[in-house]
Amino acid sequence: VRIASPRDFVAGLLFGGLGLFMAIYAAMHYQYGTAVRMGPGYFPVWVGGIVALLGLVLALGSLRIPGPPLERLRLRPTLFILGASVAYGFLLKPLGLVLSTFLIVVVSAAGGHEFRWREVVLLAAALAVFSVGVFVYALGLPFPLWPERFE
Amino acid sequence: MDALANLALGLQVAISPGNLMYCLIGVLLGTLIGVLPGIGTTATIAMLLPITFNLDPTSALIMLAGIYYGSQYGGSTTAILVNIPGEISSVVTAIDGYQMARRGRAGPALAVAAIGSFVAGCFATFVIAFAAPALAEVALKFGPAEYFSLMVLGLICATVLAHGSVIKAIIMILTGLLVGIVGTDVNSGVLRFTFDVPELSDGVSLVALFMGLFGVAEIIANLEYRGSREVFTRSVGKLMPSREEMKRSLGPIARGAGIGSALGILPGGGSILAAFSSYMVEKKLSRRPQEFGKGAIEGVAGPESANNAGAQASFIPMLTLGIPGNAVMALMVGAMMIQGIAPGPQVMAERPQLFWGMIVSMWVGNFMLVILNLPLIGIWIRLLQVPYRLLFPSILVFMAVGVYSVANNPVDLIIMAVFGLFGLVCMKLGMEPAPLALGVVLGPLMEENLRRAMLLARGDPTVFLTRPISAGFLIASVVVLVLLALPVLRRRREQVFAEEPT
């Protein structure tokens, strides 16, 4: 079978699957209760079930209603941006604000189209100074500045 | 006149030197971040939320409100000059505003946007002053059934705003409700969908979620797109609109203020619905509809006024009912909770200074925007000239700090990354993230009220139809759904969305 709208097909399966998963998971793990005294499972089972149903409708419709093709996800910016953010969160305490700012700037910039070392280092330095001045000194957020053992 | 006395009290609070300063800082910061392309109002507020944590409640809310309309104003500046709408509500402004800029009329477009916003803001302030007490009184009569039905109406209205198919928008709303379930169930204490992650027991952090959905996803999408942006920098020229342009803007500004104030009150409505409706109305009423899309000043004046009035009016359901009508209001509710205030009908009676101070500060803030922004436009333009390869790492740093500082917890950054990826996938699949955000916000409130209503009615679902106010909301929801399905309106809705630049 040729799928007329690959985008809707994937969307229908993805969201329908998510709804189905949550409905089944809730039905298995949480008490359903009654209409008078709803248990923690009641609402998720219903909402998840409806999402599953609508996802199915969307996927079935995509078989005959034509639509746009799927766009590809470009890996490089995705991985670099997401990776930089997560790394920043986990390294902020052990490395301190200055080094983590350098890290997030350099890694995320590497996910862009152009990467110029000099420019990126200058930007990182400027943002590190700004972060320390505004977030730590002006706003009093409790971030360490440098790695612990150097303090 | 009660309303006037209340406004006088508010004025007293709003123009105390300290609050005046916080309002100014909020407005300036909001505009500054809002001008940056690719950062919408929601992400701006989420990012700046932490700076209000240490303030007293009144000042914090005044500052947040300032950030809100400041960022909206900044967003329209970017929409006019760069044709990158920061938020959906300025999509409409970008259509004709950008065309005006290309014809060398960027100055008047910016000026009309500012003046229109101010006039509409003044009007909306009075609407709030008169409508809010009445609504709070009605709200005291609301039971769980009414709350539930009102939220159904709000969610249905949110589908009107979504691009693409209605079924996709409904899927997104319901998925949002599912995400909202994550966390501890208030009735039974059971942890739901937390998958043994202790940080999820309080639910998904809204700041992290919005930042991922509206900030990170946007950055990645921008990096995938390798086009050049046209910035109109040298051609802003004179700011003052010509007499002819002023005359053409008057009607749209007045109508925009009315449309915005009316639609903003609807939960799920707010500025976006207002801006779109105003554009449609102006195009319909205009004697020169063919100019729309080619730089008609009415297409800037109307939506910009409506958008600002809608933004202010959307405070009404939040303050009087405790129902956040959009993602921004959800962040406001979060901020109020952090300050130890539960939004709802009691706020107005118990903390009149906070309530009225905030409302009048909106008017003060709009006034500051007009005074400050017209001369400051040179700075905003310089900011727009900064290449994106320098902007996006900076934006990411601010977002990361903002998300981290809410709870000083690295797990929130994982949540941000997960929803960044999710938001990106949604974009690729033509699924709009805004309805999902509203679902997440309203989910817990809806479930809670559904359970209470059913308990009170002993499991009889007809309670939603036998209570008149509740039935009214549900009938309105059905009407909206039927209207959406009508072929004529469906075509019109598609037309409006088709006109927007991509």
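What you are looking at is a predicted structure, and each value in this text was computed from that prediction instead of being measured. In what follows, chains carry the letters A, B, and so on, assigned in the order in which the sequence lines appear, proteins first and then strands, with residues in each chain numbered from 1.
Contacts of S188(B) with chain A are made by side-chain atoms alone, with heavy-atom separations under 4.5 Å and no backbone atom involved. For a residue to count as touching a neighbouring chain, one of its non-hydrogen atoms must lie under 4.5 Å from one of that chain's; by this rule L450(B) touches chain A with backbone and side chain alike. Heavy atoms of M172(B) lying under 4.5 Å from chain A belong exclusively to its side chain. Looking at I181(B), only its side chain comes within 4.5 Å of chain A, counting heavy atoms on both sides. For L55(B), no part lies near chain A; criterion is any non-hydrogen pair under 4.5 Å.
Of the possible polar contacts, one joining the R192(B) side chain to the P40(A) backbone as a donor-acceptor pair under 3.5 Å is found. A donor-acceptor pair is defined here as one N or O able to donate and one able to accept, closer than 3.5 Å; such a pair exists between the side chain of R451(B) and the backbone of G39(A).
If you take CD1 on I167(B) and CZ on F15(A), they are separated by 12.5 Å, rounding to the nearest 0.5 Å. Interatomic distance, CD1 of I395(B) versus CD1 of I81(A), reported as 10.0 Å (0.5 Å rounding). R389(B) CZ to H113(A) NE2: the interatomic distance, rounded to the nearest 0.5 Å, is 11.5 Å.
Below 30°, between 30° and 60°, or above 60°: for F21(A) and F195(B) the angle between ring planes is below 30°, a parallel geometry.
Aromatic rings from Y404(B) and F135(A) are positioned such that their centres are separated by 6.0 Å or more.
Put simply, the side chain of L70(A) reaches to within 4.5 Å of the side chain of L429(B), judged on heavy atoms.
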